[in-house]
Engineer: 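First the structure, which I've put down as structure tokens, then a few questions once you've had a look.
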Amino acid sequence: MSRPSPSPSKDRAPVAAERPTRRRGTELTRAIYEATLRELAETSFEELSFESVASAAGTGKSVLYRRWSTTAELVLAALKDYEVGLAKPVVPDTGTLRGDLIVVLSTLAQVLDEPRGRALWPLLVQRARHPELFQQIMDQVSHPHRVTLLECIRGFADQGQVSPARATARVAAVGPRLIIAECLETGSVSRDDVESVVDEVLLPLLTS
């Protein structure tokens, strides 16, 4: 007499038991960066720790200690990342000086208004407590946009639409700094605000 086939035990775990996926490389780094900026935006730089980031990222804190010496290094690395942190500036090609300036500064304003950009706020507000970190962040936030703007301005200077004496790194830094300052003061920068910066400040400065 044949025996009935044994029914699966209710207590028996499935063969393909669910296990936490062990992330490596780019995937792990991305998760850490996202957790860093999220934790920073929700708390402050003083409260940020490898322990809190590791917990939010679903990894061990030893992973962070092996790659970064301080939370400041981790924050800077996260912000510098174009995928997770601050977006790479868009190279403008509108055909006009005004249009190109608006494109570059609008991109910066949009990023600052996104969750990743809001992670900057605790750092910028507390700049007096961390002057060195503040300067590094300012360089990383505004430098790529300054470079893009400078190349744009020099291109129009070659066409005779901008005074060559105005095509300098210092002048190119004016726009990003004004956008960041406006964001800190009002919380966001609208398209109209960007156009006002271009029309009332940059164009008179560049073409006078």
Engineer: Checking one residue: Val103. Which other hydrophobic residues are in its cluster under the side-chain 4.5 Å linking rule?
Structural biologist: Val90
Engineer: Among pairs that include at least one residue of residues 90-132, which meet ring-ring contact (aromatic ring centres under 6.0 Å, His included), considering only residues two or more places apart or in two chains?
Structural biologist: Phe45-His130
Engineer: For residues 77-85, which side-chain N or O atoms pair as donor and acceptor with protein atoms under 3.5 Å away, sequence neighbours left out?
Structural biologist:
| residue | atom | partner | partner atom | Å |
| --- | --- | --- | --- | --- |
| Asp81 | OD2 | Glu83 | N | 3.0 |
| Asp81 | OD2 | Val84 | N | 2.7 |

Engineer: Return all side-chain donor-acceptor pairs below 3.5 angstrom for residues 149-165, not counting sequence neighbours, or 'none' if the list is empty.
Structural biologist:
| residue | atom | partner | partner atom | Å |
| --- | --- | --- | --- | --- |
| Gln159 | OE1 | Gln161 | NE2 | 3.0 |
| Ser163 | OG | Ala165 | N | 3.4 |

Engineer: Quick one: salt bridge (Lys or Arg N to Asp or Glu O under 4.0 Å) partners of Glu39, sequence neighbours excluded?
Structural biologist: none
Engineer: Which pairs, with at least one residue in residues 63-74 and sequence neighbours excluded, count as a side chain to side chain donor-acceptor pair (under 3.5 Å)?
Structural biologist: Thr29-Arg67, Glu51-Tyr65
Engineer: Does anything in residues 188-208 pair up under side chain to side chain donor-acceptor pair (under 3.5 Å), and if so which pairs, sequence neighbours excluded?
Structural biologist: Arg98-Asp199, Arg166-Ser208, Ser190-Asp193, Arg191-Glu195
Engineer: What is the minimum heavy-atom distance between Ala41 and Ala119, and which atoms define it?
Structural biologist: CB-CA, 3.9 Å
Engineer: Does anything in residues 178-208 pair up under ring-ring contact (aromatic ring centres under 6.0 Å, His included), and if so which pairs, sequence neighbours excluded?
Structural biologist: none
Engineer: By side chain to side chain donor-acceptor pair (under 3.5 Å), which residues pair with Arg118, not counting sequence neighbours?
Structural biologist: Asp113
Engineer: Report the residues that fulfil side chain to side chain donor-acceptor pair (under 3.5 Å) with Ser52, sequence neighbours left out, ordered by chain and then residue number.
Structural biologist: Ser49
Engineer: With sequence neighbours excluded, tell me which residues meet side chain to side chain donor-acceptor pair (under 3.5 Å) with Glu182.
Structural biologist: none
Engineer: Partners of Glu46 by salt bridge (Lys or Arg N to Asp or Glu O under 4.0 Å), sequence neighbours excluded?
Structural biologist: Arg129
Engineer: Do Val91 and Val104 land in one hydrophobic cluster if side-chain heavy atoms of ILVMFWY residues count as linked below 4.5 Å?
Structural biologist: no
